[in-house]
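What follows is a single structure, written as structure tokens, with notes after it.
Bear in mind that the values here come from a model prediction, so they are computed numbers and not experimental data. Every chain is numbered from 1 and lettered A, B, ... according to where its sequence line falls, protein lines coming before strand lines.
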2 protein chains.
Amino acid sequence: MNVVEKLRNVNLRPTKQRILLAKQILDGKNKHFTAETIQKEVLSNGQSISLATIYNCLNKFVSVGLLKQIDQQGEVTIFDTNVSHHHHFLNQNTGELIDIDPDEIGFSKLPDIPNGFESDGVEVLIKIKE
Amino acid sequence: MNVVEKLRNVNLRPTKQRILLAKQILDGKNKHFTAETIQKEVLSNGQSISLATIYNCLNKFVSVGLLKQIDQQGEVTIFDTNVSHHHHFLNQNTGELIDIDPDEIGFSKLPDIPNGFESDGVEVLIKIKE
DNA sequence: TCAACAGGTTAGAATAATTCTAAACTAGAT
DNA sequence: ATCTAGTTTAGAATTATTCTAACCTGTTGA
């Protein structure tokens with residue numbers, strides 16, 4: 001399925017810029033990127049697109065499920081007086097965090113740590129809504 | 001242990017502002033807050049402190065372990081072409097994310113969802129370093 | 001006790017990510 | 001071909017956070 005069809009499938013008008021972005025992004029491989037890195041890629045291909053459009057498009061793509069946005073618990077830094085290792089519920093309605101004691105969560109399986117690395121902690125975020 | 005002692009314990013000079021903040025924050029209860037909410041609290045108590053100082057202090061408190069900073073994977077929004085449910089390694093050296101297949105992780109225990117809420121997904125972040 | 005200075009505080013400027021605005025453009029329906 | 005609603009854009013606006021540079025204050029040691 002080409003990108004124009006993909007865009008039509010989700011009721012997005014296949015404009016030049018959306019096609020450009022979709023070609024960069026939706027090539028079947030799993031990728032992580034930011035608005036900036038995408039713009040660099042596009043520019044280095046000799047084409048051009050404004051950052052505002054990239055944000056517009058990526059947000060649209062997310063809202064129709066073509067992309068996912070990695071959880072960043074909002075834009076402000078949240079501090080926690082609980083300095084011991086623990087996990088969180090995230091109330092999606094309010095953005096509020098609730099602590100979860102580490103022994104409330106147990107793992108029956110964890111992936112191998114990539115070669116040359118060591119684990120530096122496991123954080124679980126359970127998203128909840130009303 | 002009073003807040004002045006707590007500050008001395010971690011080699012931070014107990015200045016007026018740090019004492020003020022420590023009293024607000026380190027009262028033994030677990031709390032989540034932002035620089036802004038702390039400033040509001042202080043101001044509504046009739047006292048005053050600049051936002052820059054709050055950031056300075058909170059960051060110092062974090063660096064000495066009095067506080068924890070909730071993981072926000074950096075300040076830029078990261079998008080992911082993998083829209084299916086999955087988890088991530090976070091390479092702390094570079095900020096890079098690596099996908100983890102959901103069946104690479106299993107739970108033997110999960111906490112009860114708070115009353116009136118339903119789960120809306122569980123995200124695991126495994127922090128790794130070289 | 002107090003001078004001296006290293007470290008802390010501050011207002012306001014700077015930075016950076018993201019969104020908004022309003023004017024110009026364009027895909028798709030007629 | 002034309003019209004219109006939806007898009008794109010440059011640049012301004014916004015927001016969180018850090019930086020700057022001048023001023024202030026704990027602490028040390030004489």
[X] versus [Y]: any side-chain heavy-atom pair under 4.5 Å?
X        : Y        : result
A:Lys127 : B:Glu123 : yes
B:Thr37  : A:Phe79  : no
B:Val64  : B:Leu12  : yes

Minimum heavy-atom distance A:Gln47-A:Leu20, with the two atoms named:
OE1-CD1, 3.2 Å
Can you name the nearest heavy-atom pair linking B:Gln24 to B:Lys31, along with the distance?
O-NZ, 2.7 Å
Under the side-chain contact (heavy atoms from CB on, under 4.5 Å) rule, collect the residues that match up with A:Leu51, sequence neighbours excluded.
A:Ala35, A:Glu36, A:Gln39, A:Ile54, A:Tyr55
Which letters describe nucleotides 22-30 of chain D, given B = protein heavy atom under 4.0 Å from base, S = only from sugar-phosphate, - = neither?
----BS---
Heavy atom of residues 53-68 of chain B under 4.0 Å from DNA chain C: which residues?
B:Thr53, B:Asn56, B:Cys57, B:Lys60
Strictly below 4.0 Å, heavy-atom distances to any atom of DNA chain C: list the hits from residues 38-48 of chain B, or just say none.
none
Using ring pair (Phe, Tyr, Trp, His ring centres under 6.0 Å) as the criterion, list what pairs up with B:His88, not counting sequence neighbours.
A:His32, B:His86
Starting from [atom2] on [N], measure out to [atom1] on [X] and report it in whole angstrom.
X       : N      : atom1 : atom2 : answer
B:Glu36 : D:dT17 : CD    : P     : 8 Å
A:Ile19 : C:dT26 : CD1   : C1'   : 12 Å
A:Leu7  : D:dT8  : CG    : P     : 10 Å

Whether the side chain of A:Arg18 engages the backbone of A:Arg13 through a donor-acceptor N/O pair (distance < 3.5 Å, no angle test) should be reported.
yes
Donor-acceptor pair, B:Asp101 side chain versus B:Glu104 backbone, under 3.5 Å?
no
Side chains of A:Asn91 and A:Thr94: do they bring a donor and an acceptor to under 3.5 Å?
yes
Hydrophobic cluster (4.5 angstrom, side-chain heavy atoms) - remaining members for A:Ile100:
A:Phe89, A:Ile98, A:Ile105, A:Phe107, A:Leu110, A:Ile113, A:Phe117, A:Val122, A:Val124, A:Ile126, A:Ile128, B:Phe89, B:Ile98, B:Ile100, B:Ile105, B:Phe107, B:Leu110, B:Ile113, B:Phe117, B:Val122, B:Val124, B:Ile126, B:Ile128
Of the options D:dT8, D:dC19, D:dG11, whose atoms approach the side-chain atoms of A:Arg18 most closely?
D:dT8
Does a nitrogen or oxygen in the side chain of B:Thr34 sit under 4.0 Å from OP1 or OP2 of D:dA16?
no
